[in-house]
Amino acid sequence: MTETQTRPEPAALRGEPKVLKVALLGCGTVGSQVARILLEDADALAARAGARLTLAGIAVRNPDATRDVELPRELFTADAEGLIDGADLVIELMGGIEPARTLILRAVRNGASVVTGNKALLAQEGPALFEEADKNNAELSFEAAVAGAIPIIRPIRESLSGDRITRVLGIVNGTTNYILDQMDSTGAAFADALAEAQRLGYAEADPTADVEGHDAAAKAALLATLAFHTPVSLDDVRCQGIAQVTAEDIAAAKDSGLVIKLLAIAELVSVGEGGTEGRGGEGVSVRVHPTLLPREHPLSAVRGAFNAVFVEAENAGELMFYGAGAGGRPTASAVMGDLVSTARRVVAGAPGRTDTATRVLPIVGVDAVTTSYSIGLEVADQPGVLARVAAVFAEHGVSIEAMRQTIDGGVPGNGNGRAELRFVTHRASEKALAETVADIKNLDVVESVTSVLRVEGV
Ligand SMILES: NC(=O)C1=CN([C@@H]2O[C@H](COP(=O)(O)OP(=O)(O)OC[C@H]3O[C@@H](n4cnc5c(N)ncnc54)[C@H](O)[C@@H]3O)[C@@H](O)[C@H]2O)C=CC1
Ligand SMILES: N[C@@H](CC=O)C(=O)O
Ligand code: NA
């Protein structure tokens, strides 16, 4: 048996650590897990932060409510302002715009640094909040706000700050990925899959923010701001959610070896002469929409509530970040990471980090961006239909890459049945595509346009 040797303690464990008082605002899915970790792992956190992180209190609407995580009753208060005023560090996990905005402003004006997971607030009010934090030498950290546990804010802000990011593409909403995955893999109904995502703690307090794509759009705005060093707000993001995705779309995608994912896409696009960095004119395009991907694409393997973010940078090339994008414990991990690193900065007396918008690039509308499309049509099954539809594509300069036909009833080609046509186009502008679809709808042989979905990675 080998003898166990005593080794000297790391410097961080010697002597009495400082104490930093932490105020927690909100004790729901994420807040309750943050409180648990702060209490359970207090010694380890103190060693890593160089300060004891004492949970001074938890502000909630109803201090007497029953909670899933058992926490000491005396920590709870309805007086958020009072709690903030006695704190060195504030964690905001209430969600929503107000009172979160006012409380964060109060904290930073007191000189307290803030950690938040509130992407809705940051995508709407970020610049004003960061400015106020900078003015007061406080820090506002938000790793939890994008893709839950996945470290993505810090890598973009720090590890890639010496590179030039050109594109960010990701699955950044766990709820919608869970719903689409359940519909695809088990044939679950949309409503049942959503109810399960809510039960598991993935969904926002108002799940329409997930389903309509607004949560992903807020995250896309934050990613684009950091990646391209230019202000991008929620209003700059073209957004379409998954409410219109049908079981038929999912089945048709499956038949064609594709899968539907809600993607957030932020990219630098060329906008003509001139420009900010001597590289020709640049603009930013940011959009969120359901997208067809080949099943062998790495993002197609992102199942359940998992998220993944692809980053393309001029020198680093392609990077992929993958992990749990929602849920109490994973999101609490990201919050705690921010809290420990903020505490270290406070202990060292270092200034709060300022934000990175160093230029103002134009926001490019989707009309200027080209994408491949999949278009589903119900048509009369009679001779000449295909040629008439194809002629409309040609008139608008939209080139067809592939076509599938499914006959539904009647004697094939006799005009007494219906056929479903699915076209995949080469890259086309949104404008050309919209005009094509409008003209196709007007053809007397076309009963309906059943779906229009963008395609990536083919
Ligand atoms: N649940 C998740 O998977 C993730 C959530 N987030 C974000 O984290 C934040 C918190 O999310 P959840 O914990 O899921 O929300 P939640 O709805 O489960 O919890 C919110 C908590 O804040 C309290 N609260 C809300 N308004 C209040 C008010 N006016 N006064 C006092 N207390 C108030 C509620 O009582 C509750 O305790 C949100 O900004 C959300 O977008 C970020 C990443 C993942
Ligand atoms: N509702 C969000 C939670 C994390 O940000 C999601 O489903 O991804
Ligand atoms: Na994250």
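Both backbone and side-chain heavy atoms feed into the values below; hydrogens, waters and symmetry mates do not. Order of listing sets the numbers, starting from 1, for every ligand and every atom in it.
Just one of Thr436, Val437, Leu377 meets the side chain to side chain contact (heavy atoms under 4.5 Å, CB included) condition when paired with Val452; it is Val437. Arg154 pairs in a side chain to side chain contact (heavy atoms under 4.5 Å, CB included) with only one of the listed residues (Asp338, Leu226, Leu160), which is Asp338.
Checked against a 3.5 angstrom limit, the closest N/O atoms of Gly96 and ligand 1 fall outside it. Polar contact with ligand 1: absent for Ala144 (N/O pair, distance under 3.5 Å). For Glu204, a nitrogen or oxygen atom sits less than 3.5 Å from a nitrogen or oxygen atom of ligand 1, counting backbone and side chain alike. For ligand 1, none of its N or O atoms has an N or O atom of Gly26 under 3.5 Å away. No N or O atom of Ala326 sits closer than 3.5 Å to an N or O atom of ligand 1.
Between the Na ion (ligand 3) and Ala145 there is no N/O/S contact shorter than 3.0 Å. For Ile153, every N, O or S atom stays at 3.0 Å or more from the Na ion (ligand 3). Taking 3.0 Å as the criterion, Ile150 counts as a coordinating residue of the Na ion (ligand 3), since one of its N, O or S atoms falls below it.
For atom 17 (O) of ligand 1, the nearest non-hydrogen atom from the set Ala332, Ala205, Pro63 comes from Ala205. One option in Asp210, Asp206, Thr29 has a heavy atom closer to atom 18 (O) of ligand 1 than any other, and that option is Thr29. Scanning Ala78, Ala100, Gly95 for the heavy atom closest to atom 39 (O) of ligand 1 points to Gly95.
Listed by number with element, the atoms of ligand 1 under 4.0 angstrom from any heavy atom of Gly201 are 1 (N), 2 (C), 3 (O). Which parts of ligand 2 touch Tyr202 is read off a 4.0 Å heavy-atom cut-off, strictly below it: atoms 1 (N), 2 (C), 3 (C), 6 (C), 7 (O). Remark: ligand 2 atoms within the under-4.0 Å shell around heavy atoms of Lys219 are 2 (C), 4 (C), 5 (O), 6 (C), 8 (O). Which parts of ligand 2 touch Glu204 is read off a 4.0 Å heavy-atom cut-off, strictly below it: atoms 1 (N), 2 (C), 3 (C). The Ala203 neighbourhood of ligand 2 comprises atoms 1 (N), with distances under 4.0 Å to a heavy atom of that residue. With ligand atoms numbered from 1 in the order given, ligand 1 contributes 6 (N), 7 (C), 8 (O), 39 (O), 41 (O), 42 (C) to contacts under 4.0 Å with heavy atoms of Gly117. Atoms of ligand 1 lying under 4.0 Å from at least one heavy atom of Leu93, given by number and element, are 8 (O), 10 (C), 20 (C), 21 (C), 22 (O). Near Cys27, meaning under 4.0 Å from any of its heavy atoms, are these atoms of ligand 1: 21 (C), 36 (C), 37 (O). Those atoms of ligand 1 with a heavy atom of Gly327 less than 4.0 angstrom away are 2 (C), 3 (O). In summary, the atoms of ligand 2 found under 4.0 Å from a heavy atom of Gly174, numbered by their order in the structure, are 6 (C), 7 (O), 8 (O). Heavy-atom proximity to Lys119, at under 4.0 Å, picks out these atoms of ligand 2: 3 (C), 4 (C), 5 (O).
Of the protein's non-hydrogen atoms, the one nearest atom 30 (N) of ligand 1 is Met94 CE, 3.5 Å. In terms of protein heavy atoms, atom 6 (N) of ligand 1 is closest to Lys119 NZ, 3.4 Å. Regarding atom 35 (O) of ligand 1, its nearest protein heavy-atom neighbour is Arg61 NH1, 3.8 Å. Summary of contacts: the protein heavy atom closest to atom 36 (C) of ligand 1 is Gly28 N, 3.8 Å. In terms of protein heavy-atom proximity, atom 13 (O) of ligand 1 is closest to Val30 N, 2.9 Å. The nearest protein atom to atom 7 (O) of ligand 2, hydrogens excluded, is given as Thr175 OG1, 2.6 Å; this is a heavy-atom distance.
Distance CD/Glu92 to CE/Met94: 7.0 Å, rounded to 0.5 Å. In this structure, CG on Leu45 lies 4.5 Å from CE on Met336, to the nearest 0.5 angstrom. Note that OG1 of Thr54 and CG of Leu39 are 10.0 Å apart. Values are rounded to the nearest 0.5 Å. Distance check: Leu122 CG to Asn118 CG gives 6.0 Å after rounding to the nearest 0.5 Å.
Proximity of a side-chain donor or acceptor of Arg167 to a complementary backbone N or O of Glu312 within less than 3.5 Å is not detected.
Contacts between Ala305 and ligand 2, counted as non-hydrogen atom pairs separated by less than 4.0 Å, are absent for every part of the residue. Only side-chain heavy atoms of Asp210 come within less than 4.0 Å of ligand 2; its backbone N, CA, C and O stay farther off. Contact annotation for Asp215 and ligand 2: only side-chain heavy atoms (C-beta onward) come within less than 4.0 Å of the ligand. Only side-chain heavy atoms of Thr331 come within less than 4.0 Å of ligand 1; its backbone N, CA, C and O stay farther off. With a 4.0 Å heavy-atom cut-off, ligand 1 is reached by the side chain of Pro99 but not by its N, CA, C or O.
Atom CD of Glu70 has 12 or fewer heavy atoms from other residues, nucleotides or ligands within 6.0 Å. By the 6.0 Å contact criterion, CD on Glu131 is open, its count of non-hydrogen atoms from other residues, nucleotides or ligands being 12 or less.
Contact annotation: Gly148 has no heavy atom less than 4.0 Å from any atom of ligand 1. In this structure, Gly148 does not count as a contact residue of ligand 2, since none of its heavy atoms falls inside 4.0 Å of the ligand. Distances from ligand 1 to the non-hydrogen atoms of Ala145 include no value under 4.0 Å.
A salt bridge is absent between Glu143 and Arg157; no separation between the charged side-chain nitrogens and carboxylate oxygens falls under 4.0 Å. Using a cutoff of 4.0 Å between basic side-chain nitrogens and carboxylate oxygens, Arg48 and Asp41 are not scored as salt-bridged. Ion pairing between a basic and an acidic side chain is recognised when a charged N comes within 4.0 Å of a carboxylate O; Arg454 and Glu456 show no such pairing.
Rounded to 10°, the angle formed at the Na ion (ligand 3) by Glu143 O and Gly148 O is 90°.
Relative orientation of the Phe310 and His297 rings is perpendicular, given thresholds of 30° and 60° on the angle between their planes.
Distances from atom 15 (O) of ligand 1 to the protein include no heavy-atom value under 4.0 Å.
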